[in-house]
Amino acid sequence: MPAIMLPDGSVRHFDAPVSGAALARAIGPGLARAALAMKLDGRLVDLSTTIGHDASVVFVTRRDPEALGLIRHDAAHVLAEAVQSLYPGTQVTIGPAIENGFYYDFARNEPFTPEDFPPIEAKMREIVAANAPFVREVWERDAAIAFFEARGERFKAELIRDLPASEEISFYRQGDWVDLCRGPHMRTTGDVGTAFKLMKVAGAYWRGDHRNPMLSRIYGTAWRDKAELDAYLHMLEEAERRDHRRIGREMGLFHLQEEAVGSVFWHPKGWRLYRRTEAYMRRRLDAAGYQEVRTPQLVDRSLWEASGHWEKFREHMFIASVEDEARTLALKPMNCPCHVQIFRQGVRSYRELPLRMAEFGSCHRYEPSGALHGIMRVRAFTQDDAHIFCTEAQVAPETARFVALLASVYRDLGFPDFSVKFSDRPPVRAGSDEVWDKAEAALIEACRLAGVEYTLNPGEGAFYGPKLEFVLRDAIGREWQCGTLQVDYILPDRLDAEYVAEDGTRRRPVMLHRAILGSFERFLGVMIEHYAGRFPLWLAPVQAVVTTVVSDADEYAAEVAAALREQGLVVEVDLGREKITAKIREHSLAHVPVILVVGRKEAEARTVALRRLGGEAQDVLPLDEAVARLAAEATPPDLRSA
RNA sequence: GCCGACGUAGCUCAGUGGUAGAGCAACUGAUUCGUAAUCAGUAGGUCGUCAGUUCAAUCCUGACCGUCGGCACCA
């Protein structure tokens with residue numbers, strides 16, 4: 001005799017158990033048509049699920065956010081059926097919904113190629129048009145295993161074997177095709193709709209483990225309607241347009257080449273962008289009480305043995321040696337052991353804590369070749385690194401100070417929107433549970449103190465301590481993990497760092513490893529994509545171009561440029577004989593933020609016509625005023641008064 | 001590192017078993033023109049590298065290097 005509560009607070013009573021579909025029909029024909037699935041006491045289930053007890057039900061329609069996941073998951077099933085019907089002998093494995101779409105991993109001797117997409121998509125449309133109901137079946141475990149083994153589906157059989165005994169083995173049938181699946185699904189294959197598209201093929205390890213066979217993965221995207229699909233495809237084009245590798249080349253910022261894989265050749269304009277960012281960071285760190293240091297690139301292996309890197313990370317380190325010496329050196333992959341060496345010089349007092357030691361540390365890591373990506377993932381990079389040596393009591397306030405600094409830096413650099421992930425103790429870790437309890441509690445308290453909201457990232461902490469990860473959101477909604485703060489009780493111990501406490505005893509400091517940008521290379525890559533090369537004036541590598549309408553204005557143009565350079569702006573002068581429209585186009589494509597056009601009128605009146613990148617308006621104003629205005633705007637945010 | 005695709009002029013790309021083309025950019029000349037492409041001409045390539053097959057390879061085969069998309073990795 002179920003009593004079912006609906007979202008509007010009303011309650012419906014039934015004499016017997018009732019399916020979701022029947023419930024929807026009882027409420028109204030409109031809902032019966034629109035309902036795709038339902039949330040039964042908050043759990044998303046099939047509409048065919050029978051409700052036999054008192055419950056609350058919320059129907060999911062195409063308009064609800066949950067619909068996307070359902071559409072994508074169902075699309076994965078439709079893809080799998082299409083592939084098996086076109087390519088007999090292909091084994092199915094898993095096919096989940098993911099952000100923006102879905103994928104399905106297939107086992108087949110010959111991998112798929114994009115040329116296979118058109119026939120597969122056509123078959124998928126057939127399956128959707130057939131509008132076959134998704135029918136849930138519960139199987140007995142051995143029968144399920146036998147079923148898949150008889151069909152040569154060893155991956156599916158393996159999945160079932162590894163399901164916990166308590167788990168119900170459910171199948172979903174669509175027409176003649178059936179797949180092991182936990183569900184839930186929508187009513188029919190027709191509910192998938194037609195707003196889907198196969199995107200790419202890729203290899204993927206079975207169960208994500210590189211020791212396992214490589215499967216052939218097909219990625220697709222799926223949306224509620226064509227408008228959403230088009231918007232998504234447009235966003236992808238936008239991302240491609242913003243690609244830092246393309247913009248870096250077009251703007252002459254940097255290049256990469258074979259002889260130095262994973263290292264950046266910074267060109268004058270790119271290096272100016274880099275230096276502006278670095279100078280900004282240096283001012284912020286100075287103001288925040290950090291002391292900058294510089295430590296060696298090449299360090300003897302004995303230090304890496306002491307720090308634990310030699311044992312744990314050697315395969316990621318570049319090792320160097322010379323013939324005349326027996327020593328083995330390594331290029332530093334991290335700065336922390338070197339910073340501890342500075343801390344260890346002389347006797348440290350509690351009065352010196354917290355001691356904030358910063359370095360724009362140049363590091364090398366041997367990253368796997370497949371991981372390299374433009375300047376975002378390289379083998380030689382510079383971190384905005386710092387280590388805060390402090391007492392346990394200082395962990396919370398220092399974390400709060402750091403988060404405030406980080407938020408301010410992100411805001412200044414154009415990223416007001418960021419989120420925080422809290423990674424707690426990993427399964428394999430150093431240190432006792434008591435130490436971890438302490439470290440995690442301190443970090444939680446610090447977040448409370450700083451008013452930081454975070455999502456939990458369980459088991460993802462560093463082996464030596466819990467960490468916060470700071471993820472910023474760019475102009476087109478993508479997320480980039482940049483900043484980090486890690487609490488470390490281990491390294492000070494391994495490298496024997498100590499200070500004299502108030503009571504005269506020697507104690508271990510706690511180390512906070514922290515970075516705001518992460519690495520300059522990666523962060524600048526993110527910034528290039530975020531701004532699509534259209535940097536704010538204070539960061540732009542070339543801040544303005546002065547160009548002429550007629551050659552009579554050449555002399556005046558030089559004067560205008562000189563006046564701007566006097567104020568520290570980087571200005572180019574274009575006296576080319578092309579038409580002004582062509583010159584405007586050229587410098588706009590080069591992403592120069594300000595174009596100053598001068599002709600006879602301006603030369604006589606001592607004015608400039610100021611044009612902003614992307615805009616069409618011309619602002620004619622006196623030279624002095626233009627210079628003052630641009631100089632103010634080109635001042636870095638931390639140096640502006642008020 | 002693994003799977004797949006790709007590598008031709010500075011860039012974007014065409015093309016062929018008989019040693020290569022276009023557009024843009026560059027350079028030269030003409031054009032003095034008012035806010036996103038003025039016209040004409042010139043120059044530019046060991047067709048990623050190394051082997052093999054062939055009378056002949058940029059093209060076919062193999063290995064290697066690199067890039068791209070994923071996977072794995074990201075201390």
Side-chain angles (χ1 to χ4, degrees), chain A residues 98 103 105 108 110-115 199-219 240 243 245-246 249-250 252 255-262 304 307-309 311-317 333-334 336 363 365-374 376-379 381 426 428 430 460-465 467 469 481 484 486 488 491 513 518-519 522 547-554 575-590 595-602 609-620:
Chain A
I98 54 172
Y103 67 78
D105 285 346
R108 181 173 178 239
E110 189 169 338
F112 294 100
T113 73
E115 280 96 81
M199 302 298 285
K200 52 196 172 197
V201 291
Y205 298 110
W206 167 236
R207 296 188 149 180
D209 188 326
H210 66 275
R211 290 164 302 196
N212 285 340
M214 180 71 71
L215 305 171
S216 186
R217 174 174 297 180
I218 297 179
Y219 281 94
E240 196 179 326
D243 192 308
R245 294 164 298 193
R246 171 204 288 260
R249 187 177 55 233
E250 287 172 353
H255 86 272
L256 299 155
Q257 72 182 50
E258 252 188 78
E259 288 78 3
V261 171
W304 303 115
S307 71
H309 288 86
E311 182 206 353
K312 217 170 153 146
F313 311 117
R314 190 173 10 159
E315 69 269 32
H316 297 290
M317 292 165 67
M334 296 170 83
C336 28
C363 296
R365 296 179 189 174
Y366 181 71
E367 299 284 0
S369 58
L372 302 175
H373 176 82
M376 302 260 212
R377 190 79 186 271
V378 286
R379 288 174 175 166
F381 54 91
V428 181
E460 292 293 318
F463 77 95
Y464 50 74
K467 63 181 175 186
E469 290 172 339
Q481 199 224 296
T484 183
Q486 304 168 5
D488 181 4
L491 201 62
H513 306 242
S519 89
R522 178 175 156 84
T547 189
T548 48
V549 182
V550 291
S551 49
D552 290 355
D554 285 3
L575 304 180
R577 296 285 74 106
E578 296 85 12
K579 280 169 50 170
I580 191 64
T581 50
K583 294 196 281 191
I584 296 283
R585 176 178 153 83
E586 183 191 335
H587 299 120
S588 298
L589 290 174
I595 300 175
L596 298 161
V597 177
V598 295
R600 284 199 194 92
K601 280 187 291 187
E602 288 77 9
L610 191 155
R611 180 193 169 108
R612 299 282 178 166
L613 177 59
E616 286 176 13
Q618 308 162 40
D619 206 0
V620 178

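So you know, we letter chains A, B, ... as the sequences are listed, proteins then strands, and number each from 1. The analysis underlying the following values was restricted to heavy atoms, covering all of them including side chains, and did not include hydrogens, waters or symmetry mates.
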Using a 4.0 Å heavy-atom cut-off, does [X] contact any base of the nucleic acid, only the sugar-phosphate backbone, or nothing at all?
X: Pro111(A); answer: sugar-phosphate
X: Lys583(A); answer: nothing
X: Phe112(A); answer: nothing

In whole Å, measure the gap between the [atom1] atoms of [N] and [M] for me.
N: rU8(B); M: rG21(B); atom1: C1'; value: 10 Å
N: rG1(B); M: rC27(B); atom1: C1'; value: 46 Å
N: rG29(B); M: rU16(B); atom1: P; value: 39 Å

Can you find a side chain N or O atom of [X] that sits less than 4.0 Å from OP1 or OP2 on [N]?
X: Lys200(A); N: rG70(B); answer: yes
X: Arg245(A); N: rC68(B); answer: yes
X: Arg249(A); N: rU12(B); answer: yes
X: Arg377(A); N: rC73(B); answer: no
X: His373(A); N: rG69(B); answer: yes

Original post:
So with a 6.0 Å cut-off around CD of Glu311(A), is the heavy-atom count from everything else above 12?
Top reply: no

Tell me which nucleotide among [options] gets nearest to the side chain of [X].
X: Ala371(A); options: rA75(B), rG69(B), rA72(B); result: rA72(B)
X: Lys467(A); options: rG34(B), rA75(B), rA37(B); result: rA75(B)
X: Arg600(A); options: rA36(B), rC33(B), rA75(B); result: rC33(B)
X: Thr581(A); options: rA36(B), rG34(B), rA72(B); result: rA36(B)

Original post:
When the nearest nucleotide of RNA chain B is assigned to Leu613(A) and to His316(A) on a heavy-atom basis, which residue is associated with the more 5' position?
Top reply: Leu613(A)

Original post:
Do the side chain of Glu250(A) and the base of rG10(B) come within less than 3.5 angstrom through a donor-acceptor pair of N or O atoms?
Top reply: no

Original post:
Side chain of Arg577(A), base of rA30(B): donor and acceptor closer than 3.5 Å?
Top reply: no

